[in-house]
Participant: 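Sharing a structure below in structure tokens format, with a few things to ask.
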Protein chains: 2
Amino acid sequence: MDEARPTIYDVARRCGVAASTVSRTFSHPSRVNPATREKVRAAADEVGYVPRPLARAEAPGRTRTLTLVVTDIANPYYAPLIKAAQAQALASDYTLALTDSDESPRVEVSNLRQLLATTSGAILATSRLSDDVIRQLAQHRPLAIVNREIDGVPSLVVDTAGGMRKAVRHLAAIGHRRIAYLSGPRNSWINGARWQAVRQESAALGLDAAFLGPYAPNRQGGHEAADALMLQRATAAVAYNDLIAIGTLQRLQSAGVRVPDDFSLIGCDDIFGADLTVPALTTIAGPTERLGRSAVDALHAQIAHRTAGDSAVFDAHLVTRGSTAPPPAASR
Amino acid sequence: MDEARPTIYDVARRCGVAASTVSRTFSHPSRVNPATREKVRAAADEVGYVPRPLARAEAPGRTRTLTLVVTDIANPYYAPLIKAAQAQALASDYTLALTDSDESPRVEVSNLRQLLATTSGAILATSRLSDDVIRQLAQHRPLAIVNREIDGVPSLVVDTAGGMRKAVRHLAAIGHRRIAYLSGPRNSWINGARWQAVRQESAALGLDAAFLGPYAPNRQGGHEAADALMLQRATAAVAYNDLIAIGTLQRLQSAGVRVPDDFSLIGCDDIFGADLTVPALTTIAGPTERLGRSAVDALHAQIAHRTAGDSAVFDAHLVTRGSTAPPPAASR
DNA sequence: TTGAAAGCGCTAACAT
DNA sequence: ATGTTAGCGCTTTCAA
């Protein structure tokens, strides 16, 4: 007595049309005559047919879905990137599925595998995975990486290292001699690149550059950084990102350190909120939206033309707001 | 260069067995010779083959992926909700796929359909869809909604309407007589609920309550709201959300209106950044994380026990910070 | 134990 | 606008 679940064929037979018409009625209703459409729907109801979305994914059309993996959705930095990627995907009638790796490589790779099973490709933003793992994934599935450079994998990066150099030059120009870099996660490729830039430019300019951290890339991490900072002789700091800088700013201020009079602070990324603090944060900004758009383009290139997508490096610039000033006279 | 995702056929070719043997190796390992089994597994690793849960799973829940649809990822309000949902999903070894509907019902329904095809259920946050559409979707797939109440669909909401009442009482208590509500999107269920609460509580307390808007639920919308506000006689405003409140605050200040001395402002949601403005924003807060967790629980309940998940209403409270004070003497 | 071949329910070219 | 046909990746007969 076990009748199988009704299929589009049952519906088709019932109302004398082809199975494909039934299929269309449910997936592209606009492409079928309204009259037929109603007839099909009625027949479907009678027979008790329910569309089986899962089977759809097995069909050749693929899923028209792309995956974007970020390390922390709560980091406002990603918002414009996500929006841009989303818009770009939508323009080609693709859906973007987003997932958060919670700063954990284990979670990242597991989410990625899970979603890659049902999507047509993935963008990894600020990935914590090793080069090898990423290369391996890229071998089998369309992949693009953001804020990371790996040979053979389309990479979209903002040259924040160059931005860091500009920041250091700015600090040097207004008289600072001893600065600190507030490090983000140690296993972050881009964190390494930023610190190298600070170190080299400081050396070239004859500044003392101290490495502090690593700190969690959020406000809490900034609180800790501030505590460490107050034990240092530095008169300025460049932070891995704005979240750390904002946390540092707040802790410094609540400890009675005046910014920028007593201490100068520079963030990175120009996130939402960087212009909300008092003083507003001087920070390093780049075209985050282009990152998202280009990453989606790289994916589409791989899906459609089966060619590797293009890599690109975008310029970063310094947004000078209120958190930087010459050091206190006593320290010059 | 980039071959498509490896299939059992690739594995089969690689180690010289039939595809069916590869299939058996992964679905009924006991029915294949241990030696062959190992050979196949090794080949699968080399080729990078990963079994496709989709192609086999008939039962919902087999893809171990959940969908979360938000209206705007750039809205910091969602961050804690997303993080909590993600964590809760992860705890049951599920992956969360997130998508942004860009405030557009069209995009929302299309993304939803797309992802529902390959995931086991979906959470709609602050959905812009009609009750009917949502009910219809809920009929076929596990669904939970956040910040919205619909009969028969598990609903998780923070009682921000109650929060609005508290906000109005607070304003009344410190002497305001004429207030304004800065409306969010007109087709938002929760916006209606908030305005009703403001209207009713104002009436009960003998205050004048003006409805302004609708405004886009972002800072830009707040700028427009500020312009409208300056034409009104109100001495205080309650905004649909913090983003509008922050935008209003900034525009007001740049027009020379002092907050809270000249004008009081209350936001809603207590997002990241609400404590960054000067003055810090008085706002309505609720347990956003519990929303995310409970929504995932509701989905799991539907997937596992095939029962409808539970609905819940969480309390909201007023976080009194610096943006509210008694009205200027002249207006009392 | 293994291989060949026939589906599973659905979609998308390509005709008509 | 609709029908025909050829798959999608995998599982499952059925022989060998």
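Just so we're on the same page: letters track the sequence lines, and every chain starts at 1. The structure presented is a predicted model; accordingly, all values stated were derived computationally and were not measured.
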Participant: Taking all non-hydrogen atoms of both residues into account, name the closest pair between B/Pro29 and B/Thr25 and its distance.
Facilitator: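 Nearest pair, atom of B/Pro29 first, then B/Thr25: CG-O, 3.5 Å.
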
Participant: Would you kindly give the CZ-to-P distance between B/Arg31 and D/dT13, to the nearest whole Å?
Facilitator: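 After rounding, the reported distance stands at 9 Å.
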
Participant: Is it the case that C/dC8 (base atoms only) and A/Tyr9 (side chain only) share a donor and an acceptor within less than 3.5 Å, ignoring hydrogens and angles?
Facilitator: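 Per atom types, no contact qualifies.
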
Participant: So B/Thr21, base contact, sugar-phosphate only, or nothing? Heavy-atom distance under 4.0 Å.
Facilitator: sugar-phosphate

Participant: Nearest-Å distance, NE2 (A/His28) to C1' (D/dT2)?
Facilitator: 15 Å

Participant: Provide, to the nearest angstrom, the distance between the CZ atom belonging to A/Arg13 and the P atom belonging to C/dC10.
Facilitator: 13 Å

Participant: CG/A/Asp72 to CD/B/Gln86 distance, rounded to the nearest 0.5 angstrom?
Facilitator: 9.5 Å

Participant: Taking the minimum atom-to-atom distance to the side chain of B/Val17, which one of D/dG9, D/dA1, C/dG3 wins?
Facilitator: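 Comparing D/dG9, D/dA1, C/dG3 against the side chain of B/Val17, the answer is C/dG3.
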
Participant: Mind checking A/Val22 for me? I need base, sugar-phosphate or nothing, with any heavy atom below 4.0 Å counting as a touch.
Facilitator: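 Result for A/Val22 = nothing.
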
Participant: May I ask you to decide if B/Val47's main-chain N or O and B/Arg14's side chain share a donor-acceptor pair within less than 3.5 Å?
Facilitator: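 Pair absent, no side-chain N/O of B/Arg14 close to backbone of B/Val47.
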
Participant: Take atom CD of A/Glu38 and atom P of D/dT2, then tell me their distance rounded to the nearest Å.
Facilitator: 12 Å

Participant: Once you round it to whole Å, what is the distance between P of C/dG3 and CD1 of B/Ile8?
Facilitator: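 To the nearest whole Å, that distance equals 12 Å.
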
Participant: Output the single nucleotide from C/dG9, D/dG3, D/dT12 whose closest atom is nearest the side chain of B/Ser20.
Facilitator: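 Looking only at side-chain atoms, B/Ser20 lies closest to D/dT12.
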
Participant: To the nearest angstrom, how far is A/Arg37 atom CZ from D/dT2 atom C1'?
Facilitator: 14 Å

Participant: Checking side-chain polar atoms at under 3.5 Å, does A/Tyr78 have a donor or acceptor matched by the opposite partner on A/Asp100?
Facilitator: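 The answer is no; no qualifying pair exists.
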
Participant: In this structure, how many angstroms lie between the C1' atom of C/dA12 and the CZ atom of A/Arg64, rounded?
Facilitator: 12 Å

Participant: For A/Arg24 and D/dT4, what is the distance between atoms CZ and P respectively, to the nearest whole Å?
Facilitator: 11 Å

Participant: Under 3.5 Å, is there a donor-acceptor pair between the A/Thr119 and A/Thr67 side chains?
Facilitator: yes

Participant: Is the phosphate of D/dG9, meaning OP1 or OP2, less than 4.0 Å from a side-chain N or O of B/Ser23?
Facilitator: no

